[in-house]
Structures are given as structure tokens and as C-alpha cells.
2 protein chains.
Amino acid sequence: MINQNIKIAVDGIVFGYEKGILYVLAVQQRFGKLTDQWVLPGGFVKDNEPLLAAVERELKEEAGITVNYLEQLNTFGDDIHRDDRFRVISVAYFALVNPQNFVLKADTDAKDAKWFPVNQLPALGYDHHDMVTLAHQRLKNKLTYQPIGFDLLGDEFLFSDLENLYCCILERDIDRRNFRKKILSFGIVNETDKVVKIGASGRPGKLFTFDKLKYNQLLKENFQFDIRFA
Amino acid sequence: MINQNIKIAVDGIVFGYEKGILYVLAVQQRFGKLTDQWVLPGGFVKDNEPLLAAVERELKEEAGITVNYLEQLNTFGDDIHRDDRFRVISVAYFALVNPQNFVLKADTDAKDAKWFPVNQLPALGYDHHDMVTLAHQRLKNKLTYQPIGFDLLGDEFLFSDLENLYCCILERDIDRRNFRKKILSFGIVNETDKVVKIGASGRPGKLFTFDKLKYNQLLKENFQFDIRFA
DNA sequence: ACAAAAGTGTTGAAGATACACCCATGG
DNA sequence: CCATGGGTGTATCTTCAACACTTTTGT
């Protein structure tokens with residue numbers, strides 16, 4: 001058995017979207033040197049626990065949430081002093097959730113758990129700010145070539161929700177007509193016959209759903225989701 | 001200090017390209033249970049060594065090479081028995097090199113180091129075959145939206161080399177005229193005035209170089225490299 | 001009637017595809 | 001003069017981009 005003194009942790013960068021604002025989940029530490037400091041949810045991996053299970057457990061324990069989408073982002077282990085207690089390498093995971101599905105609930109190790117607009121994050125401990133920056137970039141890129149926007153919305157959504165989500169996250173204007181035309185041309189959203197109005201005024205809109213099955217089928221036929229335009 | 005018994009390693013999936021064939025670098029283990037087994041170059045991370053430095057060291061030690069391109073691929077830590085001695089989490093790196101730059105030289109821990117055509121790999125130890133599969137996929141994808149093909153070629157190359165590289169790795173035919181038109185339209189390759197002939201016959205061709213500076217400049221202006229066509 | 005959001009088509013420009021012949025060299 | 005690989009242009013089609021008015025609802 002070799003001798004090595006490095007600990008391994010996982011951290012989650014969880015994005016939520018609501019009414020034109022992109023949020024990131026942070027928790028306030030209850031113990032240790034960084035007590036009261038805001039950090040990303042995460043913690044040490046157990047000896048017989050897969051990495052994925054570790055993130056899922058931490059998200060559950062520290063904030064009470066279960067995510068819609070989860071993928072590995074990056075492993076942070078080049079700065080050997082990123083944790084100043086001892087050497088910790090952290091595997092960061094990128095996650096998406098619909099915030100309406102959950103009431104945040106700080107639990108085991110966390111004093112508090114809260115959504116922060118991605119543009120108004122408090123200072124985060126460790127190198128967690130870098131993680132958020134990287135994850136934000138990944139979100140922007142991935143939005144254009146994979147239909148992950150739907151994981152930030154509820155099962156049923158207005159076309160305008162989807163459109164605003166894209167505008168807001170990609171930080172640019174989108175032509176409504178071209179956007180709708182393109183999304184519909186893919187054939188991966190279905191129109192329901194429910195009609196709903198949101199604000200106090202304005203014409204009600206139809207609700208749509210994302211057809212994941214259809215999307216998976218299309219993938220096998222070399223379909224390429226792609227939304228990039230002015 | 002928490003109690004955790006997980007070791008951390010790095011592995012490198014190094015691709016080389018020569019004359020229409022894509023190769024992967026493997027080494028033959030000299031010690032341990034898997035003696036004589038072919039595996040990817042890699043090893044344990046030292047306590048005060050950044051991850052990147054660890055891969056670079058291992059590639060140097062086990063095969064005597066320095067790569068042109070190196071990026072993190074994925075961290076393998078979901079199968080807790082991927083190494084049956086004890087739990088090891090491995091950070092896999094994706095690397096590109098021009099094989100002509102090096103004479104492979106097995107050194108410290110490796111008995112032998114060798115290039116294998118990616119389609120004729122021997123059985124690899126651990127989960128290294130999965131790593132190769134993932135890396136191969138990454139290479140194919142990345143080739144289309146980042147000019148990393150150049151890192152597999154020498155400083156100077158024939159247009160036909162570049163074209164064959166794309167054909168060969170993407171496994172499809174490419175229209176020579178359209179390919180050349182597109183690559184030239186980016187303005188990131190320069191024509192030298194050297195002319196060279198390769199085979200025993202045929203018209204000699206001009207050598208080209210990749211203009212990395214120009215490419216980096218263009219990136220700042222929101223340039224998007226993109227090669228995808230029938 | 002007005003304010004607010006939903007819904008809807010057309011046209012021109014640009015980019016992608018398809019396609020075939022001549023040129024330079026060595027044997 | 002033949003075999004081999006290098007070099008080049010055009011016509012068509014598809015896709016993207018730009019653009020504005022009508023409908024439904026609440027106040």
C-alpha cells in the first residue's frame with residue numbers, strides 16, 4: 001500500500017432559474033475554521049461510496065434537494081493549498097434543478113442554505129468561486145448544444161419561459177419568431193392543450209412539455225440539437 | 001483530520017497520429033499484480049504535487065514524452081473496485097502529441113512503452129479501456145470545434161495531411177475543395193514557400209503552418225472554429 | 001380603449017454542398 | 001506516357017437573419 005496523504009471531496013454547483021434570474025445554491029458552514037462562511041454544498045467522500053453518490057448525498061444532507069441533471073465538471077487539484085488545513089482534491093459536479101420543486105432545508109453540516117443570483121454571489125470559501133465561474137461557462141456552452149434548459153424549468157412551461165431562459169443565461173436578445181420556429185422544428189417539445197396566464201394582464205399562453213423520449217430517439221439517428229443565433 | 005482511505009492517481013490517454021492511423025500510447029507494467037499487463041501511463045499523485053504535474057511526470061517517466069496538448073478528461077471514481085487492491089480514484093487526462101517528435105523510452109516503472117492503433121488495442125488493465133473510449137469520443141467531438149488537429153501534426157504539414165487526419169479520425173469522407181476553402185477562410189494557417197514531395201511520385205505540395213497567435217487573437221473577437229460537413 | 005403578453009410568415013443574404021478537370025513530378 | 005497526388009471554381013440549395021402586425025386577456 002502506497003503512502004499518500006491526500007483527501008478527496010466532492011462539491012456541487014447547483015443552478016436554479018426562476019423569473020429571469022439564474023441562481024446558484026450556497027450553504028453556510030456550521031463547523032470548522034470557516035464557520036459562517038458561504039461555500040458550495042459538498043464534503044468528503046466516504047471510503048465505499050461512489051463519487052456520484054457522494055454528491056447526491058451532500059446535496060440532500062446540506063440543502064435537502066435532488067437534482068434534475070448532474071454531471072462531472074472538473075477535478076480541482078492543482079493548487080495544493082486550496083484547503084489550508086491539509087491537501088484536499090475536489091471533484092466538482094455541475095447540477096440543474098427547478099427551484100420550485102424544493103424548499104431549501106439546511107440539515108446536517110449546514111447552518112443555512114440559500115439561492116444567490118449568480119451575479120450577486122457573496123464571497124465563497126476555498127476556490128469555490130472558480131468552480132462557479134467554470135460551471136457558469138459550461139452552462140452557457142452546453143445550453144447551445146444540449147437541451148438542458150428544460151431541466152431548469154418545470155414539466156410544463158410557456159414558450160416565453162424557455163425563450164427568456166435562453167435570453168437570460170446567454171445574455172443576449174433572441175428573435176422570438178426564429179426561436180420558436182427552430183425549437184419546434186426539432187420536434188422535441190409537445191404542445192399541451194392547457195392554457196394559462198401568468199401576470200395580471202396579457203394574453204394567456206399554451207403550456208408545452210419537453211419530450212425526452214423523442215429526444216433520445218433522435219439522438220440515435222444522429223440528431224444534433226443546436227441553438228445559436230443572433 | 002478526517003479519516004479516509006482512498007488513494008488518488010492520474011492516467012494519461014495520449015493520442016498520436018501518423019500516416020492515416022490514430023494511435024494510443026500504452027505501457028507494460030513492470031511491477032505488481034498486473035505485471036506484463038498493458039495499461040495507460042499513469043500513477044499515484046505525490047502529496048505536494050499538482051495533478052497536472054503528476055501526469056506530466058508520469059508521461060515523462062514511463063514513456064519519455066512531453067505532450068503538445070493536455071487537458072483533464074474525467075475523474076473515475078464511481079466504481080469503488082476499479083482497482084482491486086484498494087480504492088483508487090483516477091483523474092484521467094487527454095493528451096495529443098506528434099509521435100515523430102519522440103522515441104518512446106520505457107523508463108522507471110514501465111517495462112515497455114508502445115503505440116497501438118486505436119482500433120487494435122490489446123486488453124488494458126483496470127478500467128483503462130473505458131478511458132480510451134471516452135477520450136476517443138472527446139477527440140472526435142473536439143476536432144470539430146477546436147483546432148486541436150494541429151497538435152497531432154508537425155509544425156509544418158501538407159494540406160493533405162490535415163485533410164487525411166480529419167477523414168481518418170472522424171471516419172468519413174471529406175470534400176477536398178470545400179475543406180481547404182473553409183480552413184483557409186479562418187485565416188489561421190499560413191502557407192510557407194517550402195514545397196515538398198512525400199511519396200515516390202505525385203506533385204509536390206506546399207507546407208503550411210498553424211498560426212496559434214492569430215487563432216488566440218480571433219478567439220478574443222468571438223471567433224468560432226467549426227468544421228462539420230459531409 | 002389601452003396595456004401587456006402570445007401568436008404568426010416572408011424575403012433576402014450567406015453559407016453549405018455537390019461536383020470534375022488540369023498540373024507537377026517520378027518512374 | 002502513365003501513375004500519383006496537388007491544386008483550383010461555379011451553380012444550386014439550404015439555412016439563417018431580419019423584420020411588424022394581429023390576437024387575447026385584464027383593467
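Note on naming: letters A, B, ... go to the chains in the order of the sequence lines (proteins, then strands), and numbering restarts at 1 for each one.
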Salt-bridge criterion met for A/Asp130 and A/Arg82 (N-O under 4.0 Å): no
N/O donor-acceptor pair under 3.5 Å between A/Gln37 side chain and A/Ala123 backbone: yes
Whole angstrom value for the distance that separates P of C/dA6 from CD of A/Glu163: 8 Å
Whole angstrom value for the distance that separates C1' of D/dG9 from CG of B/Leu184: 14 Å
Which nucleotide in C/dA6, C/dG7, D/dC16 has an atom nearest any side-chain atom of A/Lys182: D/dC16
Nearest-Å distance for atom pair CZ/P, residues B/Phe179 and C/dA18: 16 Å
Solution key, residues 187-194 of chain A side-chain donor-acceptor pairs under 3.5 Å, sequence neighbours excluded:
residue  : atom : partner  : partner atom : Å
A/Asn190 : ND2  : A/Asp211 : OD2          : 3.1
A/Glu191 : OE2  : A/Lys206 : NZ           : 2.9
A/Thr192 : OG1  : A/Lys194 : N            : 3.2
A/Thr192 : OG1  : A/Leu207 : O            : 2.8
A/Lys194 : NZ   : A/Glu156 : OE1          : 3.3
A/Lys194 : NZ   : A/Glu156 : OE2          : 2.7

Heavy-atom protein contacts under 4.0 Å, nucleotides 19-27 of chain D, coded B base, S sugar-phosphate only, - none: BB--BBBS-
Note, B/Asn222 side chain near B/Gln224 side chain (heavy atom, < 4.5 Å): no
Atom pair distance, as rounded to whole Å: CZ in A/Phe229 and P in D/dT14: 22 Å
Whole-Å distance separating the CZ atom of B/Arg180 from the P atom of D/dG9: 11 Å
Phosphate-side-chain proximity, A/Ser160 and C/dA5, N/O vs OP1/OP2 below 4.0 Å: no
CA sep, side-chain torsions, deciding dist, call: B/Phe210, B/Phe157, ring-ring contact (aromatic ring centres under 6.0 Å, His included): CA-CA 9 Å; B/Phe210 173 54; B/Phe157 50 87; 8.1 Å; no
Gap between atoms CD and P, on A/Glu191 and C/dA6 respectively (whole Å): 14 Å
Interatomic distance where CD1 belongs to B/Ile174 and C1' belongs to C/dA18 [whole Å]: 15 Å
B/Arg172 CZ to C/dA16 C1', straight-line distance once rounded to whole Å: 13 Å
Aromatic plane relationship, B/Phe94 with B/Tyr69 - under 30° parallel, 30 to 60° tilted, over 60° perpendicular: perpendicular
